[in-house]
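Atom set for the values below is all heavy atoms of this structure, side chains included, hydrogens, waters and symmetry mates excluded. Indexing begins at 1, ligand by ligand and atom by atom, following the structure's order.
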Amino acid sequence: MDKILVHGGHPLNGTVRVSGSKNSALPILAAALLTRQPCVISNVPDLSDINYMLQILSHLGAHVERASGVVRIEAEKIKTEAPYDIVRKMRASVCVLGPLLGREREATVSLPGGCVIGDRPIDLHLKGFEALGAVSRIEHGNVKLFAKELRGATVNLRGKQGPTVLGTDNVMMAAVLAEGTTVIESAAAEPEVVDLANFLNKMGAKIEGAGTRRIVIEGVPELHGAEHEVIPDRIEAGTYLVAGAIMGGDVMLRRVDPTHLGALIDALRQSGYEIEIGKGTLRIKGHPSPTPVQLTTEPYPGFPTDMQAQMCALLSQTSGISVISETIFPQRFMHVSELKRMGADISLDGHTAIIKGVEKMSGAPVMASDLRASAALVLAGLRADGVTEVNRVYHIDRGYESIDEKLNQLGARIERMKA
Ligand code: EPZ
């Protein structure tokens, strides 16, 4: 397994290009199953999670071609069963359920495992499918769906932790070919949901309200092929903003959509960082004495849970007491024990982290656990004394395109060691 060595203390300056959004590309690639005609998706990031999705689509019978960031998918004839050995590698594979049900009225996909950030149920996805007329069964580790017909319905997809992003995506993709009108109440409003709805509408769907808590879908008889460019990855962008904050340099992000990062920009400005918003660009400059902040993760447009670990790394080196409450995935603190190995002073009280900033952290061998926790360890290592060895780097490669190369271009000193 590869590992990366982060040599601390190198300031970051310069410009970094943000890649296409992983969490937008995954459901959009799955949505191409809804038509027999070819779809061409561009600005698709080169990530292992994307590769897994393309493997699943090929297994389902779609013809998949990829040339750098452009993917062409033609799903003329498809099977409806996605096997465990591919699905188990990536939980987001669950988003093929909606298109398979929508197009073929049946689907068999292995149940997504849990993961280190917590239990990953799909009860809300099933609630939406059943509202449309599907019957769901769990057997031999698979979720099986079957529907004689799909009829539009009104369904509320709010769970105890609020809306569901992939649940909203899945129900939307099943509803676009249902008879009649579907209303999704308490829908997720993330930019990635809006990007998917825009792609589906280019395919001939009739979706209104994406980006609000109430999405209305008028079913249509069939969808046609379409071309689409995936939006920039707001979490990758946020991660580089935090890198600029941690290393006190002058970092410019390009090909970013600043309107997707309002809550993070507010939090960083509140801490004292100067952030310039441009057309498709964001610029952050370091601050000699940033102040601590209190944050709570919330569904979009609130502070994103996917930026929680990265902020823990920043606030661990911001003097004063900061507090972060995690309301989406209450167990999402795998990074805390590793940051403490580097000298961070963090105590957990339920789903709240109390962070006492320290002057200097020290590099250490640390273990990556999930995608964003791993990124947080790299960020902490940028400033820590000495070398931080981040093991199990495959976690990072799932969601960050060439993070070591991009940071080195900004002046970091990161080595990737082939295991
Ligand atoms: C998406 O996951 C993202 N993944 C996650 O990003 C992100 O953290 C999450 O949304 C929240 O923003 C992709 O888009 C591929 P949810 P998703 O359904 O859709 C509970 C990353 O780092 N819930 O919005 O799976 C669930 O347990 C990843 O890129 C139910 O109770 O998350 C959680 O507490 C990590 N029942 C909350 O809702 C359900 O049926 C939000 O989950 C579904 C979810």
Thinking salt bridges, do [X] and [Y] make one under a 4.0 Å N-O criterion?
X: Glu229; Y: Lys202; value: no
X: Asp306; Y: Arg332; value: yes
X: Arg36; Y: Glu76; value: no
X: Arg234; Y: Glu192; value: yes

Can you sort out which atoms of ligand 1 are near [X], meaning under 4.0 Å from one of its heavy atoms?
X: Asp306; result: 5 (C), 6 (O), 7 (C), 8 (O), 21 (C), 22 (O), 28 (C), 29 (O), 35 (C)
X: Arg120; result: 2 (O), 17 (P), 25 (O)
X: Asn23; result: 3 (C), 4 (N), 6 (O), 13 (C), 14 (O), 15 (C), 21 (C), 29 (O)
X: Arg91; result: 25 (O)

Minimum-distance protein heavy atom relative to [atom]:
atom: atom 9 (C) of ligand 1; answer: Phe329 CE1, 4.0 Å
atom: atom 37 (C) of ligand 1; answer: Gln161 CB, 3.8 Å
atom: atom 36 (N) of ligand 1; answer: Asp123 OD1, 2.8 Å
atom: atom 11 (C) of ligand 1; answer: Thr305 CG2, 3.9 Å

Just going by heavy-atom distances, which of Arg332, Glu192, Lys160 is nearest to atom 35 (C) of ligand 1?
-> Arg332
Taking the minimum heavy-atom distance to atom 29 (O) of ligand 1, which of Glu190, Arg372, Arg158 ranks first?
->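 The nearest heavy atom belongs to Arg372.
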Using only heavy-atom distances, determine whether the side chains of Tyr400 and Thr239 contain a donor-acceptor pair under 3.5 Å.
-> yes
Are Arg66 and Asn51 close enough that a side-chain donor and a side-chain acceptor fall under 3.5 Å?
->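 Their side chains do contain a donor-acceptor pair, which is all the 3.5 Å distance test asks for.
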Would one find more than 12 heavy atoms of other residues, nucleotides or ligands at under 6.0 Å from atom NZ of Lys206?
->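 Check fails, neighbour count at 12 or below.
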Does Asp233 offer a backbone N or O that forms a donor-acceptor pair with the side chain of Lys22 under 3.5 Å?
-> no
Distance-only, no hydrogens or angles: does the Arg103 side chain make a donor-acceptor pair with backbone N or O of Leu33 under 3.5 Å?
-> yes
[X] contact mode with ligand 1 (heavy-atom cut-off under 4.0 Å):
X: Ala92; answer: side chain
X: Tyr300; answer: neither
X: Val165; answer: both
X: Thr164; answer: both
X: Gln308; answer: neither
X: Leu124; answer: both
X: His125; answer: both

Has ligand 1 got any nitrogen or oxygen that is less than 3.5 angstrom from a nitrogen or oxygen of Ile328?
-> yes
Determine, counting only non-hydrogen atoms of the protein, whether one lies under 4.0 angstrom from atom 20 (C) of ligand 1.
-> no
Once you round to the nearest 0.5 Å, how far does NE2 of His10 lie from CZ of Arg413?
->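 Answer for the NE2-CZ pair, His10 versus Arg413, is 5.5 Å.
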Are Lys22 and ligand 1 in contact, using a heavy-atom cut-off of under 4.0 Å?
->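 Under 4.0 Å: yes for Lys22.
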Decide whether the shortest distance between a heavy atom of Pro121 and an atom of ligand 1 is less than 4.0 Å.
->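 Contact present.
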Residue pairs, two or more places apart or on separate chains, that pass salt bridge (Lys or Arg N to Asp or Glu O under 4.0 Å) and touch residues 258-271 =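 Applying salt bridge (Lys or Arg N to Asp or Glu O under 4.0 Å) to every pair that reaches into residues 258-271, excluding sequence neighbours, yields nothing.
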Who are the salt bridge (Lys or Arg N to Asp or Glu O under 4.0 Å) partners of Lys148, not counting sequence neighbours?
-> none
Over 60° means perpendicular and under 30° means parallel, so classify the ring planes of Phe199 and His228, tilted if in between.
->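 His228 vs Phe199 ring planes: tilted.
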